[in-house]
Structures are given as C-alpha cells and as structure tokens.
Amino acid sequence: MSHDTLPRPLKTPKPTAASKPPRRRHWTKRPNPLSGLGSVIWLAVVIIPIYAMISASLTNQDQALGNNALKPPTHPTLDNYNTVLHNGFGHFLWNTVVVAAAVVAIVLVLCVPLAYVAVRTRNIWSGSAFRLFLLGVAIPAQAVVVPLYLMIAKLNLYDSLLAIILPTAAFAMPVSVLILTGTLRDISEELYEAMALDGASATRMLFQLVIPMTKGGISTVVIYSALQAWNGFLFPLIFTQSDGPRVLTLGLFNYVSQFGVNIPALLASVILSGIPIFAVYLVARRALVGGLMGVGGK
C-alpha cells in the first residue's frame with residue numbers, strides 16, 4: 001500500500017470565539033487601592049483608641065495626665081489592675097453576670113413563643129398585636145423612666161437586682177421579636193406540613209422544629225440582650241442606690257471623686273469589664289451575623 005492511500009488523520013476544527021468557554025474573571029486578584037486604604041483607615045480608627053486605653057491603664061496617674069496618650073509607658077505597671085480587683089470588682093462583675101443571664105433567660109422564654117405565634121397565626125389579631133408590640137422599638141427608655149420608677153417602688157423592688165432585670169428585659173424584647181420573626185419566616189412551609197401530617201402539636205413543632213432551625217436568630221438575640229444588660233447604665237443608676245446591687249457600669253464611679261478622676265484605674269476597670277462580653281462575641285460572631293441577615297427575610 002502506498003503512502004497516498006493511507007488514511008489521513010482528521011483535523012480538529014479550531015475553536016471559534018462563539019465555542020470558546022467563557023473565561024473566569026479573577027476579581028480577587030485585581031488590586032483595589034481604595035478598598036485597602038479604607039480598611040487601613042478603619043483599622044486605625046478602631047486600634048488607636050484601644051491602644052491608648054491599654055497604654056494609659058499601665059501607667060500611674062501622673063504620667064497619664066502629663067504624657068502623650070499615644071506614647072508607650074516608660075515604666076509600665078499593673079498596680080491599676082490590682083487596685084481594681086481589690087476594690088469590689090468581683091462583686092460588681094457577679095451582679096452584672098446575674099443581670100445579663102436573667103435578662104437573656106427572660107427574653108428567650110418569652111420572645112421565642114411570641115415570634116412563633118406571630119409567624120404561624122394567620123389572622124388580623126396576631127398581626128395587629130405584633131405591630132403594637134414592635135412600637136416598643138420607638139419608645140426610648142428615658143421617656144418612661146419616671147413611670148417605671150413609680151411601679152418599681154410600688155412593688156417594693158427598688159434597690160434590688162430585679163429592678164434592673166425586668167426593665168432591661170422589657171426593652172430588649174421588641175428587637176428580639178423582630179429578629180426571631182425574620183428567622184422563623186425562613187423555615188419552609190413544607191416542614192410544618194410534614195410535622196402536622198405526623199400528628200405533631202404546635203408545642204412539639206416549637207421544640208422539635210422551630211428552635212433547632214433558628215439557632216442563628218437565637219444566638220443573635222442572646223448576644224443582643226446580653227449586651228443591653230451588660231452595658232446598661234440608666235436603670236442601675238435610677239433604680240439602685242446601695243453597693244449591694246451595684247453593677248459594673250456603676251462601679252466605675254468608684255474612681256471618680258469630688259477632687260479628680262483616677263484615669264488609669266478607670267481605664268483598667270473598663271478593659272476588665274469588656275473582656276467577658278467580648279469573649280462571648282468572639283464565640284458566637286458567625287451566628288450573630290447570620291441572625292441579623294435573617295431580619296429582612298421573607
């Protein structure tokens with residue numbers, strides 16, 4: 001057989017522009033100087049005050065008043081932290097933990113069923129009650145502090161931890177219900193129907209379906225209500241008087257006197273009081289972001 005009769009290999013057609021697969025654009029590899037500059041500026045805005053606060057808490061009173069706030073301490077000392085820890089800080093911390101835990105428990109026990117009823121009940125009364133309940137978001141605490149004071153005095157709760165817990169939980173509930181209803185609306189109707197066909201009651205749906213599938217919203221409510229209780233100042237200031245029910249926000253007044261302010265000890269107390277709630281935020285920050293995204297759900 002001659003070479004002319006051998007079969008020639010088929011030529012593959014060249015890919016045209018229409019047949020070429022689309023090229024992926026690597027957006028992450030493209031530099032964005034404006035975004036980087038904005039990130040650096042925001043990092044400086046956050047880091048510089050924290051650095052100045054920590055630096056001042058490691059100096060004595062004379063250096064804190066006379067030196068530059070951004071200058072590192074020449075002779076750092078932990079005496080301010082020692083002063084804070086031996087000046088009732090443990091007692092104030094325990095009261096704050098009790099208040100925060102009680103507020104979180106009250107908010108969860110009341111708001112989860114409220115949000116469940118608001119989402120699952122289809123009538124005008126539940127919708128009107130839900131809208132009326134959310135009016136609490138627009139009512140500032142300062143506007144009702146006098147009626148609250150009279151109610152607490154009538155109930156003989158003045159100068160007690162309950163005088164702080166109950167109003168704080170009440171003002172945390174509207175936003176908590178709003179967050180939970182947004183999360184509950186993301187649960188598909190088919191899941192409710194499947195459990196209803198199995199003969200599940202509303203209470204069983206709440207505990208076996210709603211609560212396990214709304215962990216993100218519940219985590220958000222826990223962090224939000226705990227922050228409200230941890231950083232609360234108005235209710236402890238108005239509704240308590242003695243050192244027994246005093247919390248951390250009022251304990252800072254121990255470093256403010258008629259003749260001056262112990263700035264290093266005050267800043268050391270602020271740093272120590274912020275560590276526990278910051279640790280809670282670090283643990284549940286992903287659930288917090290996920291729950292907040294569910295507020296504007298279906």
Student: Of all the heavy-atom pairs spanning V109 and P113, show the shortest one and how long it is.
Tutor: O-CD, 3.1 Å
Student: Is V117 linked to L108 within one hydrophobic cluster, defined over Ile, Leu, Val, Met, Phe, Trp and Tyr using a side-chain heavy-atom separation of less than 4.5 Å?
Tutor: no
Student: Of all heavy-atom pairs between A56 and P264, which one has the smallest distance, and what is that distance?
Tutor: O-CB, 3.5 Å
Student: Begin from the C-alpha positions of T181 and L114 and carry the test side-chain contact (heavy atoms from CB on, under 4.5 Å) through to its verdict.
Tutor: CA-CA 9 Å; T181 51; L114 280 172; over 6 Å; no
Student: Are T240 and R246 side-chain neighbours, meaning at least one heavy-atom pair lies under 4.5 Å?
Tutor: no
Student: Hey, any chance V146 and I139 share a hydrophobic cluster, counting ILVMFWY side chains that come within less than 4.5 Å of each other, even indirectly?
Tutor: yes
Student: Backbone N or O of V46 within a donor-acceptor pair of the Y51 side chain at under 3.5 Å?
Tutor: no
Student: Could you work out, with salt bridge (Lys or Arg N to Asp or Glu O under 4.0 Å) as the rule, every residue matching D79, not counting sequence neighbours?
Tutor: none
Student: Tell me whether N80 contacts the main-chain N or O of A268 through its side chain, where contact means a donor paired with an acceptor under 3.5 Å.
Tutor: no
Student: Can you tell me how far apart CG (L272) and OH (Y81) are? Round to the nearest 0.5 Å.
Tutor: 6.0 Å
Student: Testing V84, L252, L248 one by one against F92 for a side-chain contact (heavy atoms from CB on, under 4.5 Å), which residue passes?
Tutor: L248
Student: For V144 and P147, work out which heavy atoms get closest and say how close.
Tutor: O-CD, 3.3 Å
Student: Mind running side-chain contact (heavy atoms from CB on, under 4.5 Å) on V177 and F130 for me, showing each step along the way?
Tutor: CA-CA 9 Å; V177 171; F130 175 68; 3.6 Å; yes
Student: Test of understanding: clusters of I, L, V, M, F, W, Y form through side-chain heavy atoms closer than 4.5 Å, transitively. Do I223 and I275 belong to the same one?
Tutor: yes
Student: Without swapping roles, check the side chain of S269 against the backbone of L266 for a donor-acceptor pair under 3.5 Å.
Tutor: no
Student: Are any non-hydrogen side-chain atoms of F171 and L148 less than 4.5 angstrom apart?
Tutor: yes
Student: Are V99 and W230 close enough, and set up right, to give a side-chain contact (heavy atoms from CB on, under 4.5 Å), and what steps lead you there?
Tutor: CA-CA 8 Å; V99 169; W230 197 273; over 6 Å; no
Student: Whether the side chain of D159 engages the backbone of S242 through a donor-acceptor N/O pair (distance < 3.5 Å, no angle test) should be reported.
Tutor: yes
Student: What distance do I277 atom CD1 and N231 atom CG have between them, rounded to the nearest 0.5 Å?
Tutor: 7.0 Å
Student: Got a second to check how far I211's CD1 is from M205's CE, nearest 0.5 Å?
Tutor: 14.0 Å
Student: Should I48 and L43 be regarded as members of a common hydrophobic cluster, given that ILVMFWY residues are connected when their side-chain heavy atoms come within less than 4.5 Å of each other, either directly or indirectly?
Tutor: no
Student: Answer whether the closest heavy-atom distance between the side chains of L58 and T77 falls below 4.5 Å.
Tutor: no
Student: Within the 4.5 Å heavy-atom criterion, are P167 and I152 side-chain neighbours or not?
Tutor: yes
Student: With sequence neighbours left out, which residue pairs that include part of residues 89-99 fulfil the side-chain hydrogen bond (donor to acceptor under 3.5 Å, both in side chains) condition?
Tutor: H91-N95
Student: Grab the two heavy atoms, one from I238 and one from Y158, that are nearest each other, plus how far apart they are.
Tutor: O-CE1, 3.3 Å
Student: Quick one: does S225's side chain have a donor or acceptor within less than 3.5 Å of a partner on V221's backbone?
Tutor: yes
Student: Does V175 belong to the same Ile/Leu/Val/Met/Phe/Trp/Tyr cluster as L135, with side-chain heavy atoms less than 4.5 Å apart forming each link?
Tutor: no
Student: Nearest 0.5 angstrom please: T183 OG1 to I218 CD1, how far?
Tutor: 8.5 Å
Student: Is there a side-chain contact between M195 and L191, using heavy atoms and a 4.5 Å cut-off?
Tutor: no
Student: Output the distance between atom CE (M173) and atom CG (L180), rounded to the nearest 0.5 Å.
Tutor: 10.5 Å
Student: Would you say I50 and I271 make side-chain contact, with heavy atoms under 4.5 Å?
Tutor: no
Student: More than 12 foreign heavy atoms under 6.0 Å from CZ of F207: is that the case here?
Tutor: no
Student: To the nearest 0.5 Å, how far apart are OG1 in T168 and CD in Q228?
Tutor: 8.5 Å
Student: Might you point out which heavy atoms bring R120 and Y192 nearest each other, and give the distance in Å?
Tutor: NH1-CD1, 3.4 Å
Student: Where is the tightest heavy-atom contact between P174 and V137, given as atom of each residue plus distance?
Tutor: CB-CG2, 3.5 Å
Student: How about S176 and Y224: does a side-chain donor come under 3.5 Å of a side-chain acceptor?
Tutor: no
Student: For V270, is there any backbone N or O sitting under 3.5 Å from a side-chain donor or acceptor partner on S273?
Tutor: yes
Student: Within a strict 4.5 Å, meaning less than it, do heavy atoms of the L157 and F239 side chains meet?
Tutor: no
